Every structure is written in structure tokens, then in C-alpha cells.
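A short write-up of the structure that comes next.
Numbers restart at 1 for each chain; the letters A, B, ... are given by sequence-line order, proteins then strands. Since the model is a prediction, treat every value here as computed from it, not as a measurement.
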Amino acid sequence: MSKTATSNKAQNEKITPRAQDFARWYQDVIMQAELAEPAEVVKGCMVIRPHGYAIWERIQAELDARFKATGHKNAYFPLLIPESFLKREAEHVEGFSPELAVVTIAGGEPLTERYVIRPTSETIIGHFYARWINSWRDLPLLINQWANVVRWELRTRLFLRTTEFLWQEGHTAHATEQEAQEEVLRMLNVYADVAENVMAMPVICGRKTRAEKFAGAVTSYCIEAMMQNGLALQAGTSHDLGQNFSKVFDIKFQNQAGTLEYAWQTSWGVSTRLIGGLIMTHSDDKGLVLPPKLAPIQAAFIPIYRKDEERSAVLEKVNQLAAELKSGGLQIEVDDREGFTPGSKFFHWEQRGVPLLIELGPRDLASGSVVLKRRDGQKQNASAAGLLETVRAVLDSMQSDLLAAAKKRLQENTVTANSFEDVAALLANATAEKGGGKFVAAHVKDDPACDAKLKELKASVRCIPLQDEYDGPGTCIITGESVPQRVIVAKAY
RNA sequence: CGGGCCGUGGCGCAGCCUGGUAGCGCGCUUGCUUGGGGUGCAAGAGGUCCCGGGUUCAAAUCCCGGCGGCCCGACCA
């Protein structure tokens, strides 16, 4: 092996180390893993490449199954929304108007009523719910939509914030406020479940402050995750809409007593932003790392051989083992490409985040074994007999190890502070590029003035945790008033 | 949307200051070789130098305007 050749390759395809520049590292991982790239001819948009889309499809599958299991049905509403719809809910239009893209000309003629490209669908769905809901027997109405939305962003980052993105939006209507509130938390828990148990991304479930809540909601809930640089990522939201939209869209039903009532609504969503969170939770300086439960390819075989007779014997065994694993329900790739050395194949799959590489050559053939290389660990030998069970066990332990590592990082970088100055000091050196971010648990009043004050630190209240894991009530570090619990303050994406 | 940096074969870059035949590395193709962590050798293919205008005998290079990307800021889910 030539040293110059190696260093040339390294120089060309290197992934910037996290310690050097985390933001650059993030982009390098995406590019090297071929997950996505800037659309280039469409400002702020991205092309999600097949490998990136496969991850989205896995996330979709996990979520969709849970939506169905909780009684929801999928439907689809128009991409274009009459502009007047957005304007009906005052806070909603105020929140979204700066980021709307509007269609003004169609068929060569100016439109009498302009259409906005949906930034979210509460309004148009509200319009139809008003028609569909008449009786308490029509409730609850539990619908989800898989869709794209457009929000005109001034600054974009692949997956984390793009002008157009993919998401799901659940929209439900209920007969009582309590039912709606239960729904909001039920779906928040679905998000937390997928994040932690499938994506191995621990999250803090919480409530948003009044200043941070969704435009038009009564209360917004969220799951907040911590990235490897310590910055917070809002990974999902669930909103209690109260009767705000039902009042302006006239969504009324006759209750069992015969009187008309406005429906109680919720909406909840997660987006392709989750992929960004996934990347920044597990990946390393070698590239993407995917948790086994989410990986589109869970293991890849790398056959090793020299002579033709070795090749046929090795490939026969590899194909036999691959078939065994596939019949066990695993997603398996056999890399039998000619003209590539095993080493280059290792790098190829490693950069793409495949959890397990299975190496099999003449020596293994003779000894009836294989070599397993976990994406996050060392090589180990394993018997070819009973490989399915071995691989399942390895993938299971990798899944839990990734979650444990992420949880540990979250715990180690969560600190408490009892004064504004301490919060400021703790977050002073945190940046997206250099890391150093923390979750600071502090007592802060839910008051827009306090949110504004924290903004001076380029930080925000990420959430008011639903489960207070700290010390209960205390004195607000800004107003000095008594508040019921600590909140999470952090710099965020 | 403001400030900074950037845009040259697929990728990473040099060339630009001082205008004069478009280069290098990687990748790609073919053949041989090699194969247990980015094999080696050889021969090839591949470029509207982001776009438009201007200056000039001549523009990748100088000037103006746009488009796009990255970072910072403001804004935002």
C-alpha cells in the first residue's frame, strides 16, 4: 500500500472532524453518505437522495404504524390554500406571513384570489372539517396527512431547515377539551417512543413557553433532543389548538344534549428534520452511523477471495448466509462488486452508516466462521452456524448502546444554574461549529419578557419539562418571582 | 434580508493579482495486477471556467448586474 495514495484519498474524501468544525462535519457526513444535497437551482431546497429517502421511509413506516394503531387514518388536502383562509386566525397569519410563498398567476392570468403554498394545513383542513362534522357521533375525527410544505426561510441547512420539507401533520377534532388534551399528549408520546426506541435519540418531553408556541395554538408541546455539539433540536411538536380554529372555521357539532358546540382540535407533526437529528446524535468522524432498527440496510456482507475457486466457494457461502438472515427479516446487502478491494468496500458501507459488516473469506470458510464489524465497535469472530441469532443479538446490543451513549451525553451536558449570569456563562462559548452547548435547567417564568431576555444570550427556553426531574419550585432568574419548576434553556437549531 | 467568504471535468483544488492554446490530485472507462481496512501499473474519456452584460485585437482572469452555496447576524418551526 502506498502512503501517498492513502493520504491523497484521505485528503479528497475526508470528513471534517467534529472537533474542528461541527457544522462542516455535518454537511460532509450528508454528502459522503449520499443522503441529500442542495437543490442548487432552487434556492433553499434540497434533493433527498435514495439513501436519505430510504431513512425517511423507515421513519414514516414506524410512525404510520403507530398512527394507525391509535386510530388515525391518512388523507390528503390541497397544496394550495386560499390566502383568505390563512388570515382568519389572527395569530396564525401573523406567525406565518413572513414565510409564505404565494401563487399570484395561474393559466397566464392574475388570480382573483391568490393561493399560498401551504406552510401547514390547519386552515384548509379546518374548512373541510366544518363540513364533515355535524354531530357528536362524527367525533373524534382523527386524520393524518403525509405531505410537503413550504416556508420561505432566509437561512437553510440540509434537513434541519429547508424551504420545502416533508412531514406529516395530524389534525384531530374532539368533543371535549379533555379528550383533545389527551390526544395531544398521546401523540407526543408516540414521537418520543419513535425517537428513543427506534432512532435511539433520547428526548425531553415538554411544553413550549407562550412566546415559543405555535401560532394559533393554546399550548404547544415538544420533544427536544440534544445534538453532539450540545445544541438543542426541536424534533417534534404537538399542539392543543383549543377552539381557536374551530371558531374561525365554524367547526360545530351538536352534542348529546342537543346544543351546538365548537370542536376541540389538535395538530401534531414531525418532519425530515428528524434525519438531521439522527445524524447529529450518532454519527462519527468516519461518517454516518445508523441505529439498527432504523437502518434501511442492517448488515452488509463483504466477501473476500483471490482465486476463482475461492471466489465461487466464498460467494456461495455468503449468499447462503445472506438468505438465512433475510428470511429472518433482516435487511441484508451482499457487496459482490468486482474490482473493488475489501478495504474500499468497508469504507463505502461505513460512510453510509450500515450498522454491521460481515466479512467472509477463505480462512472463515475453512473454520466455519465469519468476522463481524460493528459500525460503532471492533471486529469479532462469530460462528457461521446460527448466524441469524448472533446478528440479531449484535444489532440489539448496538441499538441499546447507541441509546445509552446518547443518554449519557445528554445527562453529562445538562447542568443547573440559579442566576442569569450563570446561565450566560454556561452558554457563552457554545456555537454550532465548535460545540460546547449545554442544557441549562433554570427557573424561568413563562413570560415573553423572559424569553426576550434570554434571546440576548442567543438562547431560548426549549421547553418546560413535563416531568420535573429537578428540585421543584424556585425563584425566576429574571423576574425574581416564584415559579413552579426549572425549564430547559439552551442554544438551538 | 444585511455582512464576510466562495463558484474552474463527477469531487477537492491550482491558475486570476500582472488578460494570450485550461491544469493537478482523486474518481470514472479499458486491460493487466491486487484482494483479511481506501492495491499497483499502463492507456483513455470527460470542461458552456455559475449566468448575463461591458472593456479589449483577445476574458477563467479586469468592470457591472444577477443566480446559487457556506459562515455570522437578524428572522423563523
Side-chain angles (χ1 to χ4, degrees), chain A residues 1-14 16 21-24 26-28 31-32 34 37-46 94-100 119-120 149-158 160-163 165 167 169 208 211-217 220 222 224 232-239 267-273 286-287 302-308 310-311 314 337-351 357-365 369-371 373 378-379 381 431-434 455 458 460 462 492-493:
Chain A
M1 180 207 300
S2 151
K3 275 190 173 177
T4 23
T6 305
S7 62
N8 279 340
K9 272 181 194 298
Q11 205 161 26
N12 262 291
E13 300 177 23
K14 185 171 65 177
T16 306
D21 186 335
F22 191 86
R24 184 76 183 272
Y26 173 72
Q27 294 175 71
D28 289 346
M31 297 302 286
Q32 291 301 127
E34 297 180 345
E37 62 187 52
E40 181 194 19
V41 288
V42 189
K43 185 180 173 66
C45 292
M46 67 175 164
E94 190 189 340
F96 279 106
S97 56
E99 37 188 323
L100 296 180
T120 179
V149 289
V150 166
R151 299 180 186 181
W152 210 256
E153 297 295 345
L154 298 176
R155 184 177 177 184
T156 56
R157 302 177 202 247
L158 289 174
L160 300 175
R161 176 173 282 109
T162 49
T163 297
F165 58 92
W167 78 345
E169 43 180 327
K208 285 292 185 190
E212 292 277 336
K213 75 176 174 63
F214 175 74
S220 288
C222 62
E224 291 284 327
L233 183 75
Q234 178 177 303
T237 50
S238 185
H239 311 291
S267 69
W268 27 274
V270 295
S271 71
T272 37
R273 172 182 261 196
K286 290 186 290 187
I302 314 289
I304 292 157
Y305 47 78
R306 298 185 191 192
K307 308 167 201 145
D308 278 351
E310 283 176 349
R311 176 176 181 276
V314 163
R337 291 175 298 164
E338 291 297 335
F340 291 88
T341 60
S344 67
K345 291 179 179 179
F346 276 111
F347 277 83
H348 178 84
W349 296 110
E350 211 160 54
Q351 288 188 325
L357 298 179
I358 308 173
E359 198 174 332
L360 195 155
R363 294 206 297 265
D364 307 294
L365 209 52
S369 63
V370 298
V371 177
K373 170 63 169 62
Q378 299 303 308
K379 284 187 181 181
N381 285 296
T431 65
E433 311 76 58
K434 295 299 177 190
K455 216 167 195 175
K458 294 168 194 166
S460 53
R462 299 317 304 159
Y493 277 102

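- Contacts of A/P119 with the nucleic acid, taken as non-hydrogen atoms under 4.0 Å apart, are absent.
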Look for any protein N or O under 3.5 Å of an N or O in nucleotides 31-33 of chain B and output each such pair with its distance, or none.
none

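- In terms of the side chain to side chain donor-acceptor pair (under 3.5 Å) criterion, A/K373 has no residue partners (sequence neighbours excluded).
- Evaluation of the ring-ring contact (aromatic ring centres under 6.0 Å, His included) rule for A/F214 yields A/H92, A/F96, A/H239 as partners, not counting sequence neighbours.
- Applying the salt bridge (charged side-chain N to carboxylate O under 4.0 Å, His left out) rule to A/E224 yields the partners A/K208, A/R462; only residues at least two apart in sequence or on another chain are considered.
- To the nearest angstrom, C1' of B/G37 lies 17 Å from CD1 of A/I358.
- For A/T16, the side chain to side chain donor-acceptor pair (under 3.5 Å) partners are A/D28, not counting sequence neighbours.
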Sort me out a list of protein N/O and nucleotides 73-77 of chain B N/O pairs below 3.5 Å, or just none if empty.
| residue | atom | partner | partner atom | Å |
| --- | --- | --- | --- | --- |
| B/G73 | OP1 | A/K458 | NZ | 3.2 |
| B/C76 | O3' | A/E99 | OE2 | 3.4 |
| B/C76 | O2' | A/E99 | OE1 | 3.2 |
| B/C76 | O2' | A/E99 | OE2 | 2.7 |
| B/C76 | O2 | A/R161 | NE | 2.9 |
| B/C76 | O2 | A/R161 | NH2 | 3.0 |
| B/C76 | N3 | A/R161 | NH2 | 3.3 |
| B/A77 | O2' | A/Q234 | NE2 | 2.9 |
| B/A77 | N9 | A/R151 | NH1 | 3.3 |
| B/A77 | N7 | A/E153 | OE2 | 3.0 |
| B/A77 | N6 | A/E153 | OE2 | 2.3 |

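- With sequence neighbours excluded, the residues satisfying side chain to side chain contact (heavy atoms under 4.5 Å, CB included) with A/R157 are A/R155, A/L160, A/A432, A/Y493.
- Between the P atom of B/G27 and the CD atom of A/E34 lies a distance of 15 Å, rounded to the nearest Å.
- Applying the ring-ring contact (aromatic ring centres under 6.0 Å, His included) test to A/W167 and every residue at least two apart in sequence or in another chain returns A/F165.
- Proximity of A/Q27 to the phosphate of B/G69: no side-chain N or O atom is located under 4.0 Å from OP1 or OP2.
- With sequence neighbours excluded, the residues that form a salt bridge (charged side-chain N to carboxylate O under 4.0 Å, His left out) with A/K379 are A/E359.
- Residue A/G44 is classed as a sugar-phosphate contact, given heavy-atom separations below 4.0 Å to backbone atoms only.
- Across all strands shown, A/V41 has no heavy atoms under 4.0 Å from either base or sugar-phosphate atoms.
- Note: CD (A/E37) to C1' (B/C11) measures 11 Å, nearest angstrom.
- Looking at heavy-atom distances under 4.0 Å, A/K373 makes contact with a base.
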When you compare the protein's N or O atoms with those of nucleotides 4-7 of chain B, which come within less than 3.5 Å of each other, and at what distance?
none

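- Counting only heavy atoms from C-beta on, A/R306 has its side chain closest to B/G35 among B/U39, B/G36, B/G35.
- For the pair A/K43 and B/G69, the criterion of a side-chain N or O lying under 4.0 Å from OP1 or OP2 is met.
- For A/R311, the salt bridge (charged side-chain N to carboxylate O under 4.0 Å, His left out) partners are A/E338, not counting sequence neighbours.
- Evaluation of the salt bridge (charged side-chain N to carboxylate O under 4.0 Å, His left out) rule for A/E37 yields A/R49 as partners, not counting sequence neighbours.
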